[in-house]
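Chain A is the first sequence line, chain B the second, and so forth, proteins listed ahead of strands; every chain is numbered from 1. Below, all heavy atoms of this structure are taken into account, side chains as well, without hydrogens, waters or symmetry copies. What you see is a predicted model, and the numbers here were worked out from it, not measured in a lab.
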2 protein chains.
Amino acid sequence: MIEHDIFRALADPTRRTIFEKLANGSMNASTLRQGMDISQPAMSQHLAVLRAARLVREQKEGRFVNYEVDPDGLALIAQWLAKYRAYWPARIDALKLLLKDMDQ
Amino acid sequence: MIEHDIFRALADPTRRTIFEKLANGSMNASTLRQGMDISQPAMSQHLAVLRAARLVREQKEGRFVNYEVDPDGLALIAQWLAKYRAYWPARIDALKLLLKDMDQ
DNA sequence: GAATCACATAAGTGTGTGCTTATGTGTCTC
DNA sequence: GAGACACATAAGCACACACTTATGTGATTC
């Protein structure tokens, strides 16, 4: 169940921070670790969880592994959210119109 | 941190099921429990977590407590998602236009 | 090819979390 | 007002999970 993987992955604050960092530009695991007070294995494990959730994808470059945001995960969240658009508050009402295009 | 509460709340499959049931119509805790093989305290605890995340809200009616989807939680997810709209895949491209209205 | 580097995996540990049974609180019925 | 009912809270327990240190794997450098 990929949907479960996504929400479980985002339930951890450290992983959300990692994801946010990658959203500001792709980088490798070591660079990601800068200023995060986290061990190398911990980072590796977090990235594995984010990868399994399709929130992040890797691109091997020699001995480096470059990580970037995977649009698939975000799309799945958008789809999940779209199921409940009937309950969206008025100020996001405009979103309803746009989501119609997702119904096909 | 409400954002954390939201993702943590949705990380549990039982709570997602409860939320989905409520999205199909508000009901009280006992009715929610039907066909779910879950104890009464467990349901009460799950609802408390969903309430704290603002995904669900209560409406006391005598000795019954009616639960319904709280749009606030969904709006917060939408806002979180909007931050990463630069990475959305092309097939949800139309959403980008709609989300512009959320920027104000 | 030996050393170093970037990263992954293994194994162990403390804490969080979802469950249970037991009990408490407020409301309705008779 | 005594009982039943709907729900919340308390306390305890088993398991998941995020972390650590130690080690493995593959690529680069000299």
Between dT9(C), dC19(C), dA6(C), which nucleotide has the shortest distance from any of its atoms to the side chain of Ser30(A)?
dA6(C)
Among dC7(D), dA8(C), dT9(D), the one nearest any side-chain atom of Ala29(B) is dC7(D)
Does Gly62(A) or Ile38(A) map to a spot on DNA chain D nearer the 5' end, using the closest nucleotide for each?
Ile38(A)
For [X] and [N], what is the distance between atoms [atom1] and [atom2] respectively, to the nearest whole Å?
X: Gln40(A); N: dT23(D); atom1: CD; atom2: P; answer: 15 Å
X: Arg63(B); N: dG3(D); atom1: CZ; atom2: P; answer: 16 Å
X: Tyr67(B); N: dC7(D); atom1: OH; atom2: P; answer: 8 Å
X: Phe64(A); N: dT29(D); atom1: CZ; atom2: P; answer: 9 Å
X: Asp37(B); N: dT20(C); atom1: CG; atom2: C1'; answer: 13 Å
X: Arg51(A); N: dT9(C); atom1: CZ; atom2: C1'; answer: 12 Å
X: Met43(B); N: dT9(D); atom1: CE; atom2: P; answer: 16 Å
X: Lys60(B); N: dA8(D); atom1: NZ; atom2: C1'; answer: 8 Å

With a 4.0 Å cutoff (strictly under), does any side-chain N or O of [X] reach OP1 or OP2 of [N]?
X: Thr31(A); N: dA6(C); result: no
X: Ser39(B); N: dC19(C); result: no
X: Arg15(A); N: dA18(D); result: yes
X: Arg8(B); N: dG18(C); result: yes

Tell me the closest heavy-atom pair linking Ala11(A) and Arg8(B), and the distance in Å.
CB-CA, 3.9 Å
Flag, side chain of [X] to backbone of [Y], donor-acceptor distance under 3.5 Å:
X: Thr17(B); Y: Pro13(B); value: yes
X: Arg15(A); Y: Ala9(A); value: yes
X: Tyr87(B); Y: Ala23(A); value: yes

Mutual orientation of the aromatic rings belonging to Phe7(A) and Phe7(B) [parallel < 30°, tilted 30-60°, perpendicular > 60°]:
tilted
5' priority, DNA chain C, between Ser44(A) and Glu61(B) [closest heavy atom]:
Ser44(A)
Hey, is the side chain of Gln45(B) pairing donor to acceptor with the base of dT20(C) inside 3.5 Å?
yes
